[in-house]
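Below: the structure, in structure tokens.
Each chain gets a letter, A, B and so on, in the order its sequence line appears, and its residues count up from 1.
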Number of protein chains: 2
Amino acid sequence: MRENKSKYAVLGILSMGPVSGYDIKKVFENIASNFWKESYGQIYPILKGLSEQGLANRSIEKQMGKPDRHIYSITDKGRKVLKKWLIEPVERQIGRHEMPLKLFFGLQVSLEDNIHQVEHFRDLHSGELEDIGSIEERLKAEKVGDPKLEFWLMTLNYGKHANSAILGWCDETLARLRKMEKKTKKEES
Amino acid sequence: MRENKSKYAVLGILSMGPVSGYDIKKVFENIASNFWKESYGQIYPILKGLSEQGLANRSIEKQMGKPDRHIYSITDKGRKVLKKWLIEPVERQIGRHEMPLKLFFGLQVSLEDNIHQVEHFRDLHSGELEDIGSIEERLKAEKVGDPKLEFWLMTLNYGKHANSAILGWCDETLARLRKMEKKTKKEES
DNA sequence: TAGCCCATGTAATTGGTTACATGATTGA
DNA sequence: TCAATCATGTAACCAATTACATGGGCTA
């Protein structure tokens with residue numbers, strides 16, 4: 001089964017209050033960037049579909065000097081559909097991870113090349129960890145007393161665990177690769 | 001830039017020795033299932049493309065009582081293209097993680113529902129950890145002395161770190177959800 | 001005898017990104 | 001004055017899965 005998760009992601013944002021397609025993109029970029037993303041090419045057609053299926057209603061908000069905002073609100077039917085999806089058990093999904101794939105073919109390049117690749121990969125993820133940290137601080141300040149905050153912090157914590165684990169793996173892997181490097185140098189001499 | 005990584009994944013398998021499309025699928029399923037997968041719908045057209053571009057050569061192996069095997073071998077040009085990709089730095093990729101997405105909308109369902117979901121998610125990943133363990137033992141026995149072994153173990157270690165981190169997150173998250181549950185019960189009484 | 005393994009491939013469909021089109025306002 | 005932000009949407013394209021088509025041999 002290949003369900004359209006984007007549809008539920010959008011419906012989920014609507015469940016927290018009426019927003020525009022533009023706003024939805026912003027939420028994913030600014031709060032949930034750590035585990036989700038959506039492009040406009042998905043969001044706008046989905047919003048159209050949701051209102052056609054009676055899962056959301058559209059109203060237009062006029063602004064001066066700026067384009068009109070198309071605001072969508074979730075309907076009772078929409079909320080029901082969302083809840084049904086939320087309690088459905090998640091399925092196992094095999095992601096595609098480029099870093100281990102490249103290392104799987106590591107014999108094709110030099111140990112030095114492999115080391116550079118892992119070092120670069122480590123940098124990417126330590127940057128991500130920092131980003132999560134700043135989102136966390138911002139939310140803790142902005143959302144005091146908001147009942148959503150506790151759930152949002154849990155999703156940020158997911159990113160913290162995932163990225164720290166990768167840093168740990170990088171360090172172990174770099175140590176192993178450097179050990180191999182020393183060994184081959186010894187054998188050469 | 002939206003590069004075709006499947007092409008390099010297939011080329012990478014060919015770099016380790018001549019194989020058929022069927023074999024390639026098996027390698028991903030039995031050794032690399034932890035970080036990669038390919039469907040026949042991708043593999044066969046890619047192999048066709050590779051031989052058209054001079055990156056692989058095809059030969060046919062006849063078998064009795066079984067269908068012919070179409071064996072592909074990598075060419076020098078193919079090996080060069082693969083190496084170029086292997087040393088290119090990996091890009092940051094925002095995956096889509098359904099579990100934190102659902103938790104992001106956690107307010108829409110009961111704490112109990114959230115707990116069930118996380119418990120189920122935990123089971124999935126502890127199963128995955130076990131799978132990785134058995135692949136590791138099998139490889140250690142089968143591939144003694146093979147220079148690829150060390151690299152393959154590093155990719156398995158990636159899965160170990162990633163999955164252990166998720167288990168840790170699940171435990172923390174379950175504790176937090178249960179604490180919230182107790183608190184709401186107290187408030188009700 | 002039902003179902004899985006062997007083995008190759010194509011066609012249909014869905015999922016997702018990127019480019020394009022439009023245009024005013026604001027800040028560096 | 002250049003770039004960014006605000007704001008909505010479509011069209012073209014690429015990536016990937018699933019279903020379909022074929023068919024013999026093996027095993028529970």
Between [X] and [Y], how do the two ring planes meet: parallel, tilted or perpendicular, split at 30° and 60°?
X: B/W85; Y: B/Y8; value: parallel
X: A/F104; Y: B/W152; value: parallel
X: A/Y40; Y: A/Y44; value: parallel

Would you say [X] places a side-chain N or O within less than 4.0 Å of OP1 or OP2 belonging to [N]?
X: B/K26; N: C/dA7; answer: no
X: A/K48; N: D/dT8; answer: no
X: B/R58; N: C/dG9; answer: yes
X: B/R96; N: C/dG16; answer: yes
X: A/S6; N: C/dG15; answer: no
X: B/S39; N: D/dT18; answer: no

Between [atom2] of [N] and [atom1] of [X], the distance in whole Å:
X: B/Y22; N: C/dC4; atom1: OH; atom2: P; value: 13 Å
X: A/D23; N: D/dT5; atom1: CG; atom2: P; value: 15 Å
X: B/Q63; N: D/dC26; atom1: CD; atom2: C1'; value: 15 Å
X: A/N4; N: D/dT18; atom1: CG; atom2: C1'; value: 16 Å
X: A/Y72; N: D/dT8; atom1: OH; atom2: P; value: 8 Å
X: A/Y40; N: C/dA21; atom1: OH; atom2: C1'; value: 15 Å
X: A/D68; N: C/dG23; atom1: CG; atom2: C1'; value: 13 Å
X: A/L47; N: D/dA7; atom1: CG; atom2: P; value: 15 Å

Among [options], which nucleotide has an atom closest to any side-chain atom of [X]?
X: B/K66; options: C/dC6, D/dT10, D/dA15; answer: C/dC6
X: B/H70; options: D/dT8, C/dT8, C/dA7; answer: C/dT8
X: A/Y44; options: C/dA7, D/dT8, D/dC6; answer: D/dT8

* Would you mind classifying the nucleic acid contact of B/E38 as base, sugar-phosphate or nothing, using non-hydrogen atoms under 4.0 angstrom? => nothing
* Counting any heavy atom closer than 4.0 Å, what does B/K37 reach on the DNA or RNA strands: base, sugar-phosphate only, or nothing? -> sugar-phosphate
* Does the side chain of A/D123 come under 3.5 Å of the side chain of A/S126 through a donor N or O and an acceptor N or O? -> no
* Would you kindly check if the NZ (Lys) or CZ (Arg) of A/K26 is within the cone defined by 45 degrees around the ring axis of A/Y22 and under 6.0 Å from the six-membered ring centre? => yes
* For B/I71 and A/G41, take the nucleotide of DNA chain C holding the closest heavy atom to each; which residue's nucleotide lies nearer the 5' end? -> B/I71
